[in-house]
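Chain identifiers are assigned alphabetically (A, B, ...) following the order of the sequence lines, protein sequences preceding nucleic acid strands; residue numbering begins at 1 within each chain.
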Protein chains: 2
Amino acid sequence: MQRKSLGNMQCPIARSLERVGEWWSILILRDCLHGLTRFDEFEKSLGIAPNMLTRRLTGLVEAGLLERRQYSERPPRFEYVLTERGRDFQPVLATLLVWGNKHFAPEGASVVIVNRETGELADPVVVDRISGRPLSDPVFSTAPGPAAEGETRERHTRLLNSEDV
Amino acid sequence: MQRKSLGNMQCPIARSLERVGEWWSILILRDCLHGLTRFDEFEKSLGIAPNMLTRRLTGLVEAGLLERRQYSERPPRFEYVLTERGRDFQPVLATLLVWGNKHFAPEGASVVIVNRETGELADPVVVDRISGRPLSDPVFSTAPGPAAEGETRERHTRLLNSEDV
DNA sequence: TATGTTACTTTCATAATGAAAGTTACTGGA
DNA sequence: TCCAGTAACTTTCATTATGAAAGTAACATA
């Protein structure tokens with residue numbers, strides 16, 4: 001009766017969540033992208049118990065999002081640095097930030113994204129690089145990919161047809 | 001010794017995770033955005049135990065992402081439909097999908113996003129609507145917002161300065 | 001009357017989370 | 001040499017969260 005694994009689903013969202021879906025994981029990645037690397041930095045920043053932090057860091061290392069690196073021989077000291085896979089998580093954090101600011105910051109935003117060249121607030125949106133159109137445009141929908149099998153293929157094919165009307 | 005709440009943090013990412021950070025929540029939202037509305041649809045699609053599904057649906061309704069709506073008087077039957085807040089979550093799902101496809105689909109993508117007008121694969125990226133530049137551009141960074149207090153303000157101010165070099 | 005459908009609830013075991021305290025391997029100062 | 005301090009943890013144990021299995025409610029349909 002283990003927590004049910006999402007990793008063997010075909011859905012890329014499910015597979016992502018298998019790696020970062022546990023309590024604390026995404027906040028640790030947030031801190032990493034803010035430049036934190038050391039155990040006690042995470043501990044203080046998050047207010048997380050050290051045993052939990054160890055579990056999460058180990059998990060993120062195993063998932064290939066972080067690398068555990070020795071930065072001192074004597075005394076032996078380690079730090080955690082993002083891999084490319086971990087850095088690639090940034091867009092997810094940006095969209096979570098925007099969503100949080102819009103819906104859960106009634107007192108106003110506490111964290112924003114700024115363009116340091118112009119000083120202006122950024123307004124992050126997801127667009128399709130090919131067409132330049134916002135992904136919210138109804139022309140976009142999910143579809144089965146080349147590796148889709150069985151239920152996944154049916155599910156997304158169905159969806160495509162039903163929205164084609 | 002309850003699971004530690006992230007909702008009283010100022011960070012918008014933490015506040016978002018307070019609402020959708022539990023196991024299954026994001027996958028339920030994914031299914032909602034695919035058009036599912038009914039209990040047994042979610043149950044079958046996810047392979048989730050019904051008691052878990054009830055807890056999550058209740059939580060998402062309380063968080064204002066879903067609305068529970070009666071669609072039949074006799075027999076009494078209910079469905080769950082996205083609110084605006086729930087629909088606004090879509091960009092997060094898109095970025096999770098892209099990340100999952102890139103890093104956890106060695107056999108190739110099983111789900112893709114397509115432009116149904118051109119038939120081409122979409123390539124979703126986060127850009128700043130104001131400047132048009134990709135958010136990965138180093139000119140962008142987080143900064144304390146108008147409502148930032150104490151530690152939050154310091155943290156992001158520090159960051160801004162250190163990267164200004 | 002029996003079976004099926006949809007949307008659940010109840011009970012209970014196991015896994016995940018968290019608080020508190022302790023450990024390791026040092027450095028630097030009295 | 002002794003003691004405090006630092007950084008990165010581990011250990012133990014209580015409490016929550018998750019999940020499997022079975023059951024329930026309120027009907028419709030045959």
- Query: Residues two or more places apart in sequence or in another chain: which of them pass side-chain hydrogen bond (donor to acceptor under 3.5 Å, both in side chains) with N101(B)?
  - Reply: none
- Query: Rounded to the Å, how far apart are I28(B) CD1 and dC8(C) P?
  - Reply: 12 Å
- Separation of L6(B) atom CG from dT17(C) atom P, in whole Å? 12 Å
- Side-chain contact, heavy-atom cut-off 4.5 Å: R30(A) with L27(A)? yes
- Roughly how far, to the nearest 0.5 Å, is the OG atom of S16(A) from the CZ atom of F89(A)? 7.5 Å
- Message: Checking V114(A) against S141(B) for the side-chain contact (heavy atoms from CB on, under 4.5 Å) test, could you report, in this order, the C-alpha distance in whole Å, the side-chain angles of both residues, the deciding distance, and whether it holds?
- Response: CA-CA 6 Å; V114(A) 295; S141(B) 73; 4.3 Å; yes
- Task: Would you kindly give the CZ-to-P distance between F39(A) and dT23(C), to the nearest whole Å?
- Result: 17 Å
Would you tabulate the nitrogen or oxygen pairs shorter than 3.5 Å linking the protein to nucleotides 28-30 of chain C?
none

Which side-chain N or O atoms in residues 52-64 of chain B pair as donor and acceptor under 3.5 Å with protein atoms at least two apart or in another chain?
from	atom 1	to	atom 2	distance (Å)
T54(B)	OG1	P50(B)	O	3.0
R56(B)	NE	W23(B)	O	2.7
T58(B)	OG1	T54(B)	O	2.7

- Note on the structure: Rounded to whole Å, CH2 of W23(B) lies from C1' of dG19(D) at a distance of 13 Å
- Got a sec, which residues hit ring pair (Phe, Tyr, Trp, His ring centres under 6.0 Å) with F104(A), two or more places apart in sequence or on another chain? W99(A)
- Within residues 42-56 of chain A, the residues having a heavy atom closer than 4.0 Å to DNA chain D are P50(A), N51(A), T54(A)
- Item | Rounded distance in Å - NZ (K4(B)) to P (dA20(C)) | 11 Å
- Note on the structure: R68(A) meets the side-chain hydrogen bond (donor to acceptor under 3.5 Å, both in side chains) criterion, sequence neighbours left out, with Y80(A)
Listed pairs under 3.5 Å, donor-acceptor, residues 119-132 of chain B side chains, sequence neighbours left out:
from	atom 1	to	atom 2	distance (Å)
D123(B)	OD2	R129(A)	NE	3.1
D123(B)	OD2	R129(A)	NH2	3.3
D128(B)	OD1	D123(A)	N	2.8
D128(B)	OD1	I130(B)	N	3.1
D128(B)	OD2	S131(B)	N	3.2
D128(B)	OD2	S131(B)	OG	2.8
R129(B)	NE	D123(A)	OD2	3.1
R129(B)	NH2	D123(A)	OD2	3.3
S131(B)	OG	R133(B)	N	3.3

- Can you sort out the partners of Q90(A) under side-chain hydrogen bond (donor to acceptor under 3.5 Å, both in side chains), two or more places apart, ordered by chain and number? none
- Rounded to the nearest 0.5 Å, what separation is found between the CG atom of L135(A) and the CD1 atom of I113(B)? 5.0 Å
- Item | R3(A) CZ - dT14(C) C1' separation (whole Å) | 13 Å
- Item | Axial bend angle, the helix from dT1(C)-dA30(D) to dA30(C)-dT1(D): five-pair end segments, nearest 10° | 10°
- Approximate separation, where rounding is to 0.5 Å, of L66(A) CG and L82(A) CG: 5.5 Å
- Under the side chain to side chain contact (heavy atoms under 4.5 Å, CB included) test, residues paired with E73(A) that sit two or more places apart: Q70(A)
- Hey, can you pull the residues of residues 58-81 of chain A with a non-hydrogen atom under 4.0 angstrom from DNA chain C? R74(A), P75(A), P76(A), R77(A)
- Considering just the side-chain nitrogens and oxygens of W24(B), establish if one lies under 4.0 Å of OP1 or OP2 belonging to dG19(D). yes
- What pairs meet the side-chain hydrogen bond (donor to acceptor under 3.5 Å, both in side chains) rule with one or both residues in residues 105-115 of chain B, with sequence neighbours excluded? Q10(A)-S110(B), R15(A)-E107(B)
- Query: Nearest to the side chain of E22(B) - dG19(D), dT18(D), dA7(C)?
  - Reply: dT18(D)
